[in-house]
Amino acid sequence: MLKKRIIPCLDIKDGRTVKGINFVGIRDAGDPIELAKNYVKQGADELVFLDITATIENRSTLIDLVKRIAKEINIPFTVGGGISSVEDVSKLIEAGADKVSINSSAVKRPELITEIAEKFGSQCVVVAIDTKYEDSEWKVFVNGGRKFTGLNTVEWAQQVEEKGAGEILLTSMNNDGTKAGFAIDITR
């Protein structure tokens with residue numbers, strides 16, 4: 001029997017946790033360290049921190065925040081945003097992250113998935129897929145949901161698995177933040 005895990009995902013912008021609906025209307029939701037500690041107290045199995053503007057702003061993920069998180073919590077956590085090389089991954093792992101999540105950089109250079117998996121193991125590589133249902137098809141978007149890639153979601157998910165991704169972080173842009181439940185049709 002599969003074990004269900006609770007893995008909250010915190011979107012980070014300018015060092016703060018933010019929340020939006022359908023990837024727009026972003027508003028402040030609190031301090032990521034305090035929220036992380038609260039999720040640990042509530043029994044979360046893991047946490048995910050996504051620096052949602054790192055790629056758009058052409059910068060690396062916030063290493064200092066990763067170090068602070070690692071000092072404050074005792075459960076595994078994944079960090080994503082602005083990761084474009086094995087060297088970026090090394091810095092995040094050294095700072096305390098257990099896994100990394102890549103999205104735009106994986107679409108831009110799919111071999112990065114394999115490079116990370118070969119150096120750190122597949123369990124370290126999470127490929128985030130932001131998807132939107134439009135024109136009767138699930139499509140892959142990057143750059144915080146701003147740019148359509150031309151990729152079909154299911155086909156892309158199969159490719160990232162073949163390239164060495166240990167996990168997929170699937171986000172339906174249609175359902176994000178709406179409190180209307182999960183996009184079970186694409187998850188299946």
Side-chain angles (χ1 to χ4, degrees), residues 2 4-13 23 44-63 66 69 75-93 95-134 137-176 182-188:
L2 293 175
K4 291 181 182 175
R5 297 182 298 151
I6 305 298
I7 309 173
C9 184
L10 289 83
D11 290 344
I12 309 295
K13 181 178 183 210
F23 283 43
D45 296 294
E46 297 182 31
L47 292 172
V48 176
F49 296 86
L50 300 176
D51 187 348
I52 62 170
T53 56
T55 297
I56 299 159
E57 295 170 359
N58 197 28
R59 63 171 172 75
S60 299
T61 298
L62 307 168
I63 296 287
V66 173
I69 293 166
I75 61 173
F77 70 98
T78 302
V79 176
I83 300 166
S84 60
S85 68
V86 171
E87 293 76 27
D88 291 342
V89 176
S90 291
K91 290 175 188 174
L92 291 167
I93 298 298
D98 296 282
K99 303 176 199 175
V100 296
S101 175
I102 58 175
N103 183 348
S104 300
S105 61
V107 171
K108 184 177 181 181
R109 201 169 70 79
E111 58 272 13
L112 179 61
I113 301 165
T114 306
E115 292 168 7
I116 296 169
E118 286 176 351
K119 173 128 182 164
F120 299 99
S122 287
Q123 82 290 340
C124 184
V125 187
V126 178
V127 175
I129 301 175
D130 295 335
T131 186
K132 186 175 188 181
Y133 190 75
E134 56 182 26
E137 179 184 1
W138 283 98
K139 300 175 179 182
V140 177
F141 286 76
V142 293
N143 293 357
R146 291 170 177 82
K147 180 180 174 189
F148 174 55
T149 64
L151 296 169
N152 171 279
T153 302
V154 174
E155 291 170 4
W156 177 235
Q158 291 167 334
Q159 288 177 39
V160 303
E161 178 190 19
E162 290 167 7
K163 294 196 174 296
E167 295 180 24
I168 293 172
L169 171 58
L170 183 68
T171 303
S172 164
M173 295 171 62
N174 305 83
N175 294 49
D176 180 66
F182 299 107
I184 299 299
D185 49 336
I186 185 61
T187 304
R188 281 191 187 117

Is a donor on one side and an acceptor on the other found under 3.5 Å between the side chain of [X] and the backbone of [Y]?
X: T53; Y: K13; answer: no
X: T131; Y: K139; answer: yes
X: S122; Y: A117; answer: no
X: E87; Y: S84; answer: no
X: D45; Y: I7; answer: no
X: T171; Y: D130; answer: no

To check you understand the geometry: which heavy-atom pair defines the closest contact between [X] and [Y], and what is its length?
X: L92; Y: V100; result: CD1-CG1, 4.0 Å
X: V66; Y: A97; result: CG1-N, 3.9 Å
X: I75; Y: D98; result: O-OD2, 4.1 Å
X: N175; Y: A183; result: ND2-N, 3.5 Å
X: K99; Y: V126; result: CD-CG2, 4.0 Å

With side-chain contact (heavy atoms from CB on, under 4.5 Å) as the test, would you mind laying out the steps for I102 and V127 before giving the verdict? CA-CA 5 Å; I102 58 175; V127 175; 4.2 Å; yes
For the pair F141 and F148, name the ring-plane relationship: parallel under 30°, tilted 30 to 60°, perpendicular over 60°.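 F141 vs F148 ring planes: tilted.
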What distance separates [X] [atom1] from [Y] [atom2], expressed to the nearest 0.5 Å?
X: L50; Y: N103; atom1: CG; atom2: CG; result: 9.0 Å
X: S104; Y: R109; atom1: OG; atom2: CZ; result: 14.0 Å
X: K91; Y: I93; atom1: NZ; atom2: CD1; result: 13.5 Å
X: R188; Y: F182; atom1: CZ; atom2: CZ; result: 13.5 Å
X: E161; Y: I113; atom1: CD; atom2: CD1; result: 11.0 Å
X: I83; Y: L112; atom1: CD1; atom2: CG; result: 9.0 Å

Contacts of K147 that satisfy side-chain contact (heavy atoms from CB on, under 4.5 Å) - sequence neighbours left out: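 side-chain contact (heavy atoms from CB on, under 4.5 Å) list for K147, sorted by chain: V142, N143.
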Can you confirm whether W138 sits close enough to N174 that some side-chain heavy atom of one is under 4.5 Å from a side-chain heavy atom of the other?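 Of all side-chain heavy-atom pairs linking N174 with W138, at least one is under 4.5 Å.
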Just wondering, do T78 and L169 contact through their side chains at under 4.5 Å, heavy atoms?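 A side-chain contact under 4.5 Å is absent here.
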R5: which residues meet the side-chain hydrogen bond (donor to acceptor under 3.5 Å, both in side chains) condition with it, sequence neighbours left out?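 If we apply the side-chain hydrogen bond (donor to acceptor under 3.5 Å, both in side chains) test to R5, skipping adjacent residues, the hits are E46.
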Partner set under side-chain hydrogen bond (donor to acceptor under 3.5 Å, both in side chains) for E155, not counting sequence neighbours: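 Applying side-chain hydrogen bond (donor to acceptor under 3.5 Å, both in side chains) to E155 gives none.
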The test is side-chain contact (heavy atoms from CB on, under 4.5 Å); show your working for Y133 and I186 and say whether it passes. CA-CA 9 Å; Y133 190 75; I186 185 61; over 6 Å; no
For K132, look at atom NZ and say whether over 12 heavy atoms of other residues, nucleotides or ligands are found less than 6.0 Å away.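 Count not over threshold, so no.
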Can you confirm whether E115 is buried at CD, in the sense that more than 12 heavy atoms of other residues, nucleotides or ligands lie under 6.0 Å from that atom?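 Atom CD in E115 is packed in, count exceeds 12.
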Might you work through the side-chain contact (heavy atoms from CB on, under 4.5 Å) test for K119 and S90, ending with a clear yes or no? CA-CA 9 Å; K119 173 128 182 164; S90 291; 4.2 Å; yes
Run V125 and V89 through side-chain contact (heavy atoms from CB on, under 4.5 Å) and show every step you take. CA-CA 10 Å; V125 187; V89 176; over 6 Å; no
